[in-house]
Structure formats: structure tokens, C-alpha cells
Amino acid sequence: MKYKAVLLVTVAVLAIIDIIILTQVFPSLYQDMPLPLPETSKPIGGALFSVTSLYLTLIASNIIITIIVLKKAGYEGKSIPKKNSDWFDLMALLVLGISGLVMWFYPFFLLFFIAAGAYLLFSEMR
């Protein structure tokens with residue numbers, strides 16, 4: 001019962017933080033673009049890539065924070081990573097999301113995006 005209360009409070013706090021982040025960051029991603037998006041020869045995925053990365057970053061950070069809070073509360077379950085490689089996978093997912101978001105403004109972060117994607121791909125192949 002104790003873990004359910006901790007989990008509910010954590011999820012509620014994270015949901016509030018996510019809503020605040022989305023309302024503050026989302027408009028800045030498209031501030032220079034006219035809405036609705038004009039027709040071009042480019043696929044719409046280019047316009048939605050930064051928003052997808054924002055959502056991926058929020059999901060990955062929420063998973064990591066929830067796992068850390070449950071671990072600190074003393075929860076022992078199969079969903080808590082025990083090996084370092086599992087933590088590296090979660091951090092690589094977070095780096096993938098953050099670099100995809102920052103790449104919208106600084107193209108240099110494509111290197112981090114490719115490195116995190118390659119790490120995740122190769123870690124699943126082993």
C-alpha cells in the first residue's frame with residue numbers, strides 16, 4: 001500500500017511538471033512557423049521531429065524519475081533495473097530524446113542522436 005501512495009504522488013507531480021513544460025516549450029518550437037503549415041515538398045515528419053523528441057524526452061525522464069523514487073522508497077520488483085547496462089539503455093533513450101530536441105536549434109547534436117541510436121540498436125542485438 002505504501003508503494004502505491006508513493007507511485008500516485010510521483011505520477012501526479014510528474015504530470016503537473018509535464019503540463020507546465022509542454023505549455024512553455026511547445027510554442028517556442030514553432031514560433032517562427034506559420035500555422036497551419038504551408039505545403040512544401042518536404043515531408044511533414046521534419047516539422048514534427050522536434051515535438052516527437054520533446055515527448056520522448058518527457059517519457060524517458062518520467063520513467064527514470066519514477067524508477068529512482070520507487071527504488072528510494074524500498075520497492076523491490078522486476079521493473080527496477082539491476083544491471084548497469086539497463087541504466088545505460090535508459091540514459092541512452094534520454095540522450096536520444098534530448099539530442100533530437102536540441103538538434104532543432106543546433107545541428108551539431110545530430111552526432112549525439114546518431115550515437116545514442118546506434119548504442120540502443122547494438123544493445124538490442126546482443
*Asks:* Between Pro81 and Trp87, what is the shortest heavy-atom contact and its length?
*Replies:* O-NE1, 3.5 Å
*Asks:* Linking I/L/V/M/F/W/Y whenever their side-chain heavy atoms sit closer than 4.5 Å, directly or via other members, would Phe108 and Ile114 fall into one cluster?
*Replies:* yes
*Asks:* Would a 4.5 Å heavy-atom cut-off, applied to side chains only, mark Ile98 and Leu94 as touching?
*Replies:* yes
*Asks:* For the residue pair Tyr55 and Leu22, establish whether any side-chain heavy-atom pair is separated by less than 4.5 Å.
*Replies:* yes
*Asks:* Can you tell me how far the CG atom of Leu101 sits from the CG atom of Leu54, to the nearest 0.5 Å?
*Replies:*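 Nearest 0.5 Å value for the CG-CG distance: 5.5 Å.
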*Asks:* Compare all side-chain heavy atoms of Leu7 with those of Val11 and state whether any distance is below 4.5 angstrom.
*Replies:*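 Touching, per the 4.5 Å side-chain cut-off.
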*Asks:* I need the Leu96 CG to Met103 CE distance, nearest 0.5 Å.
*Replies:*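 Spacing of CG (Leu96) from CE (Met103) equals 8.5 Å.
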*Asks:* Could you give the distance from CD1 (Ile64) to CE (Met91), rounded to the nearest 0.5 Å?
*Replies:*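 Spacing of CD1 (Ile64) from CE (Met91) equals 4.0 Å.
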*Asks:* Does atom OH (Tyr119) have a neighbourhood of more than 12 heavy atoms from anything else shown, all under 6.0 Å?
*Replies:*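 Result for OH/Tyr119: enclosed.
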*Asks:* Would you give the length of the straight line joining atom CG of Leu14 to atom CD1 of Ile59, rounded to the nearest 0.5 angstrom?
*Replies:* 12.5 Å
*Asks:* State, with a plain yes or no, whether a side-chain heavy atom of Tyr75 is found less than 4.5 Å away from one of Ile67.
*Replies:* no
*Asks:* So do Val6 and Lys72 actually touch side chain to side chain, heavy atoms under 4.5 Å?
*Replies:*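 No; the side chains remain at least 4.5 Å from each other.
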*Asks:* With side chain to side chain contact (heavy atoms under 4.5 Å, CB included) as the test, pick out the partner of Ile80 among Ile68, Asp86, Leu70.
*Replies:* Leu70
*Asks:* Determine, step by step, whether Val13 and Ile17 satisfy the side chain to side chain contact (heavy atoms under 4.5 Å, CB included) criterion, reporting the C-alpha distance in whole Å, the side-chain angles of both residues, the deciding distance to 0.1 Å, and the verdict.
*Replies:* CA-CA 6 Å; Val13 169; Ile17 292 171; 3.8 Å; yes
*Asks:* Taking all non-hydrogen atoms of both residues into account, name the closest pair between Ala92 and Ala116 and its distance.
*Replies:* O-CB, 3.6 Å
*Asks:* More than 12 non-hydrogen atoms from neighbouring residues, nucleotides or ligands closer than 6.0 Å to NZ on Lys82, yes or no?
*Replies:* yes
*Asks:* First locate atom CD1 of Ile63, then atom CG of Leu93, and finally report the distance between them rounded to the nearest 0.5 Å.
*Replies:*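 One gets 6.5 Å once the value is rounded to the nearest 0.5 Å.
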*Asks:* Let me see the working for Ile16 and Ile20 under side chain to side chain contact (heavy atoms under 4.5 Å, CB included), right down to the final yes or no.
*Replies:* CA-CA 6 Å; Ile16 292 169; Ile20 292 170; 4.0 Å; yes
*Asks:* How many angstroms lie between OG in Ser99 and CZ in Phe109, if you round to the nearest 0.5 Å?
*Replies:*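 Rounded to the nearest 0.5 Å, the OG-CZ separation comes out at 8.0 Å.
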*Asks:* Do Tyr106 and Leu110 belong together in a cluster built from hydrophobic side chains that touch within less than 4.5 Å?
*Replies:*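 Linked within one cluster.
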*Asks:* Check whether Thr10 reaches the backbone of Thr66 with its side chain - one donor and one acceptor, N or O, closer than 3.5 Å.
*Replies:*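 The answer is no, because no donor-acceptor pair under 3.5 Å joins these two groups.
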